Amino acid sequence: MLDLDTFEKAAKNAGFYSLDTETTGLDTRVARLICITFAVGDKAWIVPLTSFAEVVSLNEARDWLNQHIFNDPNLTVIIHNAKYDLSIMAHHGFEIHNKVVDTMICEWMTNEYGTADPVKNEHPHFGLKELVWKYFKIKRDKYKDVADLLFLDPKGFAQYAMDDALDAWRLWNDIDVPALKREGAGVRNLFYEVEMPLVFSLMEMEESGLYINIEKMGGLFKKNAEEVKDLTEKICKHAGKTFNLASSDQLSDVLFKDLKIDVAGIPLHKKSVPGKQIYSTAAKVLKHIRHSNKIIPLIEAYRKATKMRDGFLMPLLGKSKLSEECRIYPEFNQTGTKIGRLSSSNPNAQQMPREGGIRDCISAPTGHVLCCSDYSQAEYRVLAHQSNDVNLIKLYNSDPKADIHQWVAKEAAIEREEAKAVGFGLLYGLADPSLAASLKVPLAKAQELRAKWTDLCKGVLPYKKKVEYDLIRKKFVETIWGRRRRFFGVRLDDFAHRQAFHMTISGSAADAIKIGTNKLYKALQELRQQDPRYKQVRMLAQVHDELVLQCPEEIQQDVIKLVKEKMEDVGKGHLKVPFVAKVGCGSTWSDSKVK
DNA sequence: TGCTCGAGCGCG
DNA sequence: AAAGCGCGCTCGAGCA
């Protein structure tokens, strides 16, 4: 059953092997290994560790594999979703020093739609079994359908486990290697040099989690509960009846039927039918009708308070109380977006409210501080580079800390808020009428502001045109580093134009922070060898242009220096403008941010 | 009870 | 179709 000697020979002969694990759960902090499987070509091996009639002791497996397989830096291990398996393996004492290629990430980089239909705007999936069906038309059972086999039919379970390793091998060799060959050098380089190393930073973040000051958050929760109760009573009194305030349908009836607020200009819901009109009660609508009835500000306050309760206080308190360390453990998904950014979930660390005190409750444990690195105007620096605009390039080179909105405002003799709205709208392709609405100015004024902006930065519109041209000619667009977003089989309308343009900007910024994060991680690994205090410096979270770390209080000044140096060491000698990181430390997430 | 969908809203 | 880009989460409503 074992015959690991033949595995060693085969792996070393090929230079590659694939690995998969079966475990008792998805939480890497508590899950236990059931078995490890390997494949080389069409041969597979299994190391049964628990639950089988005959098992190998964990110590024995660990010693042998660490010594014969995992310590070889010239071997490449193929894993589907390596972050998970490597994390489980690390928890069981395996030390894997092989090169890693992740078939899930490779799939995402070479086809960001995964098994979803690009035309339907579905949420992409990159599951091994779905991909095996897509490419090989092989139907594999889902884990939950074979979990019982472990006891009823161990041989069947073993086969299932080995199939995963065989599938990963096949996916890499038959699909991914040719796909990487077809793609540009940019995609290949990003895959091997950016995304693969990044896996280890994300493992560190997921392992570390975020410490919650439960007492402080409990205080917020108590205050919030009183607020919600008070507002509910007031609103129902105004409405003259009790109803479910969380139901937008019921609220629509109260506002526009009972209270007879004017419906002119209010958008209808999709499910509105001639007999039953349901009007939108979104924040934008409420703001618009705020002065037509005293109930509106109460509803706005109620929405804020319940969003806080249901979206943050309840789930964060619940999760942190489950953990002995008072921590929440957000996941950072490397294949979660179509533009190259990360996404986060369970809970989503990338949507913690800036206002309302949540970030004051996310803190560092005693003796430590949080360290926060924030790229200054990353997207506009990318725009400067991509558009080759002389003024923008001059601006950021003459003053690395320049504020583009301030500069535009001064040069064009407009308000900073106006300049900011125009600049922001430009990145997302905002049309003039919407710009006018958001600034509350006439259309002509909005057009004038936009003209002033594009006149100052003459390279921007031609760059936008270039992206559209590329899109139509090649059906994909690229970031500075060559990451691609494809539009195969998609109508190249204005919507696609906006998506494409935005991807080249935000996607480039995403590449940049990933490269900076890798440089920092590498530096930390080296320092950890020399100075044990650096083992306590941990990456905790990434929020698109921001990186959050935790470090011992006494080395915070050194860490600030290191983080700034490494995060700014992006595109040196290659980009036309510098990247600038604002780095600060503090006892909470709020305090650690540099204003 | 469990599923999907849309509305609404938090973040960059 | 979307009509301002990219995400994930919670709730209500409708359905089986």
Side-chain angles (χ1 to χ4, degrees), chain A residues 112 119-124 243-252 267-272 276 278-287 299-300 302-316 318-319 330-356 358-359 374-380 421-438 467 477 485 490-491 493-510 513 541-548 589:
Chain A
E112 65 278 13
V119 182
K120 288 186 190 154
N121 209 17
E122 294 165 332
H123 191 72
F243 65 105
N244 186 349
L245 305 194
S247 160
S248 49
D249 296 10
Q250 293 181 35
L251 181 64
S252 172
L268 282 166
H269 280 181
K270 278 187 180 176
K271 52 183 173 178
S272 288
K276 187 163 169 56
I278 304 171
Y279 293 93
S280 168
T281 62
K284 223 172 87 186
V285 171
L286 295 186
K287 195 177 172 190
I299 290 169
E300 290 176 310
Y302 174 86
R303 286 255 175 95
K304 264 209 160 55
T306 50
K307 177 76 181 178
M308 205 52 128
R309 180 192 65 190
D310 300 334
F312 301 102
L313 293 169
M314 289 282 279
L316 296 183
K319 284 183 200 297
E331 292 166 35
F332 291 91
N333 316 307
Q334 213 166 341
T335 59
T337 74
K338 297 196 244 334
I339 64 171
R341 298 217 287 206
L342 299 177
S343 75
S344 170
S345 49
N346 303 315
N348 182 348
Q350 296 178 324
Q351 57 168 176
M352 295 303 175
R354 287 167 303 186
E355 308 291 326
I358 297 287
R359 291 191 188 200
D374 205 319
Y375 275 142
S376 159
Q377 301 188 338
E379 299 193 333
Y380 291 102
V422 175
F424 203 62
L426 227 129
L427 294 180
Y428 300 152
L430 189 66
D432 286 331
S434 309
L435 178 65
S438 75
V467 173
V477 293
R485 178 167 183 178
V490 178
R491 255 183 46 219
D493 51 12
D494 288 350
F495 183 48
H497 287 174
R498 287 194 296 273
Q499 291 178 313
F501 179 75
H502 175 257
M503 185 273 178
T504 70
I505 304 296
S506 284
S508 296
I513 193 170
Q542 190 249 46
V543 190
H544 309 306
D545 59 1
E546 180 181 351
L547 192 67
V548 184
W589 194 346

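Quick note on labels: first sequence line is chain A, next is B, and so on, each numbered from 1. Note that the structure is a prediction, hence the values are computed from the model and not measured.
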Touch class at under 4.0 angstrom, heavy-atom based, for A:S248 against every strand present: sugar-phosphate
Presence of A:K284 side-chain N/O under 4.0 Å of B:dC9 phosphate oxygens OP1/OP2: no
Out of C:dG4, C:dG6, C:dG8, whichever nucleotide has its closest atom nearest the side chain of A:S345: C:dG8
Sugar-phosphate only, base, or nothing, as touched by A:S438 at under 4.0 Å among non-hydrogen atoms: nothing
Nucleotide nearest A:R498 (side chain, heavy atoms from C-beta), chosen from B:dG10, C:dG4, B:dC9: C:dG4
Nearest to side-chain heavy atoms of A:A431, which nucleotide of C:dG4, B:dC11, B:dG8: C:dG4
Side-chain N or O of A:Q350 closer than 4.0 Å to phosphate OP1/OP2 of C:dC9: no
Complementary nucleotide of B:dG10, counting Watson-Crick and G-U pairs under 3.5 Å: C:dC7
Interatomic distance where CD belongs to A:E379 and P belongs to C:dC7 [whole Å]: 14 Å
Sugar-phosphate, base or nothing in reach of A:R491, heavy atoms under 4.0 Å: nothing
Given C:dC9, C:dG4, B:dG8, the nucleotide with the shortest approach to the side chain of A:N346: C:dC9
Side chains of A:Q250 and A:N244, donor plus acceptor under 3.5 Å: no
Atom-pair distance (CG on A:N348; P on C:dG8), nearest Å: 7 Å
For atom NZ of A:K287 and atom C1' of B:dG8, their distance in whole Å: 16 Å
Of A:I339 and A:V490, the one whose closest DNA chain C nucleotide lies more 5': A:V490
Nearest to side-chain heavy atoms of A:D249, which nucleotide of C:dA13, C:dG4, C:dG6: C:dA13
Sugar-phosphate, base or nothing in reach of A:D545, heavy atoms under 4.0 Å: sugar-phosphate
Gap between atoms CG and P, on A:L245 and C:dC11 respectively (whole Å): 14 Å
Residue A:H269, side-chain heavy atoms: nucleotide from B:dG8, B:dC11, C:dC5 that is nearest: B:dG8
Nearest-neighbour nucleotide for the A:S280 side chain, C:dG6, C:dG12, B:dG8 considered: B:dG8
Option passing side chain to side chain contact (heavy atoms under 4.5 Å, CB included) with A:L251 (candidates A:L245, A:I299, A:I278): A:I299
Sugar-phosphate, base or nothing in reach of A:R359, heavy atoms under 4.0 Å: sugar-phosphate
B:dG8 phosphate, OP1 or OP2, under 4.0 Å from A:T281 side-chain N/O: yes
Nearest-nucleotide pick for A:S247, side chain only, options being C:dC9, B:dG8, C:dG12: C:dG12
Euclidean distance for C1', B:dG6 against C:dA2 (whole angstrom): 14 Å
Side chain proximity check, A:H269 to A:D249, heavy atoms < 4.5 angstrom: yes
Candidates C:dC5, B:dC11, C:dG4 - which lies nearest the side chain of A:S434: C:dG4
Value in whole Å for how far the P atom of C:dG6 lies from CZ of A:F501: 14 Å
Selection from C:dC9, C:dT10, C:dA3 that lies nearest to any side-chain heavy atom of A:D310: C:dT10
A:Q499 side-chain N/O to C:dG6 phosphate OP1/OP2 under 4.0 Å: yes
Touch class at under 4.0 angstrom, heavy-atom based, for A:M352 against every strand present: sugar-phosphate
Check: A:S343/A:Q350 side-chain N/O donor and acceptor closer than 3.5 Å: no
Atom-pair distance (CZ on A:R303; C1' on B:dG10), nearest Å: 14 Å
Distance below 4.0 Å between A:S343 side-chain N/O and C:dG8 OP1 or OP2: yes
Sugar-phosphate only, base, or nothing, as touched by A:H123 at under 4.0 Å among non-hydrogen atoms: sugar-phosphate
Residue pair A:V490 / A:Q499, side-chain heavy-atom distance below 4.5 Å: no
Atom pair distance, as rounded to whole Å: CZ in A:R341 and P in C:dC5: 13 Å
Side chain to side chain, A:Q334 and A:L342, heavy atoms closer than 4.5 Å: yes
Side chains of A:V285 and A:Y279 in contact at under 4.5 Å (non-hydrogen atoms): no
Nearest-angstrom distance from the residue atom CD1 of A:I278 to P of C:dG12: 15 Å
Phosphate-side-chain proximity, A:R485 and C:dG6, N/O vs OP1/OP2 below 4.0 Å: yes
